[in-house]
Amino acid sequence: MKSSESKLLVVGHRNPDTDAICSAIGQAELLRMTGSDAEAIRCGDVPSRTAWVLEKAGLETPRLVTDVRVTAGQIARREVISVSPEDSFLTVYRRMLASGVKSVPVVDSSGEVKGLLRYLDLLQLLLPAQMEGIAVRTVQASLQKICLTLQAEAVACASEKTEEEELHLLVGASSEETVQKRLTAAANDGIVAKYLVICGDRPGVQEAAIRHGVRALVVTGGFGVAPDLITAAREKGVAVLLASLDTASVAKLIQCSRKVSTVVSGDFLVVEEGEIVSRLRKRLSVENQDLFPVVKRGTRTMVGVLSKSNLVEPMRTRLVLVDHNEFAQAVTGVDEAEIYEVIDHHRLAGDLASREPIRFLNEPVGSTSTLVARKFIHRDIEPSPGVALCLCAGLISDTLMLTSPTTTSLDREMLEWLAPIAKVDPETFTEEFFAVGSLLVGGLRTKSSPLTARSSLKKGSRSAFPRLRSVV
C-alpha cells in the first residue's frame, strides 16, 4: 500500500498525560527542523496541567484526531473536470476529449452534483436505438443553444428561451418538389411547426420552409436569405439562422446542441467525505460505476471525486508514536497507518506490528521527553524556548522532578540542558506546575489560594510529588 504524501503526525497515547503531549510537540518540531513536514496531534483531552504548560509556552493546543484511518475526502481528487447541467453535449464532449476522462460529474451552480455523464451517453445521443423513421431525425434542443453551437447569426425571430423543445430535422438536399411534399405532409399531420429545415443557397427550399411556417430555418455555407423572405419569416414567426458551416456539419452539430440536464440520470452513487476507505473498498467494488462523486456529509455538495483505481492501493496516514508502543493505547486506526517511528520509555507490549522496518527508540529512562531532548542534542539543534519548556514539563511530570524511581542520570542531564533554553528555574517551575493540579483537584474544594497551594510544595520538598502522581 502506498503511504500518504501528507505530513507526519506525531501522537501520544489515548488519555494523554503531559509527557505524551509534550514529547509529541518536541518530536514534531525536531522533524520540521530536519526537513520533514510534521504536526503534533492528540487523541484525547488535554489535562489541566498540560494546558497550563502550553499557555505558559505560548503554544497552540495540538489538534484533536481520534481516528487516523484514511477517508474518502483525503484521497479524493479535488481538481475535477465537471460540467454544468446547462452545457451542451458538444461542450461536454470537447471538455472530456481535452482532459482525457471517460466520465464527468454534472454539477449545478451551487456545487450540488446532479449526475454522471459518460462517453456511452454521448454515443446513445448520436446513435439512438431506433435507426429509422422520425426518431433518428428528432432532437431535443433550444434554438438558443443551437445558435451558440453553430456560432450562427439569428436574422429573424431570435429566441431568448433556454427551454428545450422537440425539433424534427429536415435537410433540404432533395429536389424542391420533394421538400415541398414533405413539408405539406408535416403540415397535414399538424407537426410542421416542429420542423427545423437545413439548406444552403436554395431560395425555393427557403421560401417553402417559411411559407409552411416551420419552427426554424438554418441556412448553411455562409449563404444569406433574401430580404423579402426575412420579412416573411418574421411575420410567420420562423426563426432564421445563418451558419458558415456546411450542411453536413450543421446537421451533426445540431444533434450535439442538447443540454446534458435532459439525459443525465439521478441514479448514481455518491460517497461522503468522512467514509473510511477500507470499508468503501468492498462496497464499491461490486458497483457498475467507475467514478464516484465525494460529497459533504448529509448533502450532495461535491468536494471531489474518486475512482475504483484509487481504492486499489490507497494512501496511509504516517504516524510517529511517542510515549507508548502498543496498539491498545494507540489512536484508532493505527493498524491501517504507516508507523514511521516509535519513541518510548515503557515496557514492550508485543502487539505493535509494522509492514516495513521502522525507527524504534525505547530506553529505560524517566520520560519520553528525555529521549526527544537527547535527539535534539544528537542533531546539534536547540528547540525553541516554548518547546524546551514543554519538554521540561514532560520530564518533570513523569519523573516527579527527578524523584521517581525510574529517574536516570540522562533525565537529570536533559533537564539541566533544557532549563536555560526554556528560561525557567526547574524548582520554581515544578512548584507552579504541581500547584496547578493541586488547585483543581483540592484547592477549589477547600477554597485555598494559589499561595496556600504552593506552600505545600516548598523548594526541595519531594514528599508531595508522589501524592500528586495520579493526576499528572
Side-chain angles (χ1 to χ4, degrees), residues 71-130 135-136 138-146 148-149 161-167 252-277 279-312:
T71 63
Q74 289 176 286
I75 68 170
R77 300 195 301 274
R78 303 287 171 147
E79 296 181 1
V80 182
I81 303 299
S82 64
V83 298
S84 163
E86 300 302 310
D87 284 336
S88 69
F89 270 67
L90 179 63
T91 299
V92 174
Y93 170 74
R94 287 173 174 171
R95 196 168 298 171
M96 293 173 74
L97 192 65
S99 58
V101 297
K102 296 180 180 179
S103 182
V104 292
V106 180
V107 184
D108 66 14
S109 58
S110 66
E112 184 173 321
V113 60
K114 295 297 184 180
L116 294 174
L117 195 63
R118 304 166 298 166
Y119 264 129
L120 181 60
D121 300 316
L122 301 177
L123 184 62
Q124 288 175 339
L125 171 76
L126 298 176
L127 297 174
Q130 290 180 291
V136 75
T138 300
V139 63
Q140 287 286 138
S142 69
L143 290 181
Q144 182 195 56
K145 192 67 71 174
I146 290 173
L148 290 172
T149 301
K161 295 182 179 180
T162 59
E163 294 83 3
E164 293 190 340
E165 54 187 296
E166 183 182 280
L167 299 171
K252 184 176 293 185
L253 289 177
I254 285 176
Q255 290 280 6
C256 297
S257 300
R258 190 174 184 178
K259 292 192 294 187
V260 300
S261 59
T262 60
V263 295
V264 171
S265 170
D267 184 19
F268 65 101
L269 291 176
V270 298
V271 173
E272 292 193 348
E273 59 182 340
E275 292 191 62
I276 305 299
V277 169
R279 295 176 180 173
L280 285 174
R281 194 180 297 117
K282 291 182 180 179
R283 179 163 70 87
L284 300 185
S285 63
V286 298
E287 297 295 338
N288 187 26
Q289 183 177 319
D290 292 323
L291 189 72
F292 300 91
V294 180
V295 299
K296 293 182 179 179
R297 183 177 181 181
T299 73
R300 283 293 179 103
T301 302
M302 192 176 74
V303 297
V305 296
L306 61 82
S307 58
K308 286 182 179 178
S309 61
N310 297 132
L311 303 174
V312 174

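Numbering of residues begins at 1 and proceeds along the displayed sequence. The figures here come from the full heavy-atom set of this structure, side chains too, leaving out hydrogens, waters and symmetry mates. In this text the structure is predicted, and so the values were computed from the model without any measurement.
To the nearest 0.5 Å, atom CD1 of residue Ile276 and atom CZ of residue Arg281 are 11.5 Å apart. In this structure, CG in Leu280 is found 7.5 Å from CD1 in Ile75, a value given to the nearest 0.5 Å. Put simply, CZ on Phe292 and CD on Glu275 are 11.0 Å apart, with the number rounded to the nearest 0.5 Å.
Counting heavy atoms from C-beta on, the side chains of Glu272 and Val295 come closer than 4.5 Å. The shortest side-chain heavy-atom distance between Val101 and Leu291 does not fall under the 4.5 Å cut-off. The closest side-chain heavy-atom distance from Val305 to Pro105 is below 4.5 Å. In this structure, Arg95 and Val104 have side chains that are not in contact, with every pair of non-hydrogen atoms separated by 4.5 Å or more.
Formation of a donor-acceptor pair under 3.5 Å by the Gln140 side chain with backbone atoms of Arg258 is not found in this model. Between the Lys259 side chain and the Ser142 main chain, no donor and acceptor come within less than 3.5 Å of each other. Not one N or O on the side chain of Gln255 forms a donor-acceptor pair closer than 3.5 Å with the backbone of Lys252. Checked by atom type and distance alone, the side chain of Arg300 never pairs as donor or acceptor with a backbone atom of Glu112 at under 3.5 Å. In this structure, the side chain of Lys145 engages the main chain of Glu86 through a donor-acceptor pair within 3.5 Å.
Around the CZ atom of Phe268, the shell of radius 6.0 Å holds more than 12 heavy atoms that belong to other residues, nucleotides or ligands. Atom CZ of Arg279 sits in a sparse spot, with 12 or fewer heavy atoms from other residues, nucleotides or ligands closer than 6.0 Å. Atom CZ of Arg78 is surrounded by more than 12 heavy atoms from other residues, nucleotides or ligands within 6.0 Å.
The two residues Ser88 and Ser257 make their nearest non-hydrogen contact at CB-O, 3.9 Å. Between Val113 and Pro293, the closest heavy-atom pair is CG2-CG, 4.0 Å. Here the shortest heavy-atom pairing between Val107 and Ser82 reads CG2-CB, 4.0 Å. Here the closest non-hydrogen pair linking Val264 and Leu116 is CG1-N, 3.9 Å. When every heavy atom of Glu165 is checked against every heavy atom of Leu143, the shortest pair comes out as OE2-CG, 4.2 Å. Closest approach of Arg297 and Glu273 over heavy atoms only: N-OE2, 4.3 Å.
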(request) Apply side chain to side chain contact (heavy atoms under 4.5 Å, CB included) to the pair Leu311 and Val277, showing each step before the final yes or no. (result) CA-CA 7 Å; Leu311 303 174; Val277 169; 3.9 Å; yes
(request) Check step by step if side chain to side chain contact (heavy atoms under 4.5 Å, CB included) holds for Leu90 and Leu253. (result) CA-CA 7 Å; Leu90 179 63; Leu253 289 177; 3.9 Å; yes
(request) Could you check Thr138 against Leu167 for side chain to side chain contact (heavy atoms under 4.5 Å, CB included), going step by step and ending with a plain yes or no? (result) CA-CA 6 Å; Thr138 300; Leu167 299 171; over 6 Å; no
(request) Kindly determine whether Ser103 and Gln289 satisfy side chain to side chain contact (heavy atoms under 4.5 Å, CB included), including the steps that lead there. (result) CA-CA 10 Å; Ser103 182; Gln289 183 177 319; over 6 Å; no
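Residues Glu79 and Arg77 are not paired through a salt bridge, judged by the lack of any N-O separation under 4.0 Å between the basic side chain and the carboxylate.
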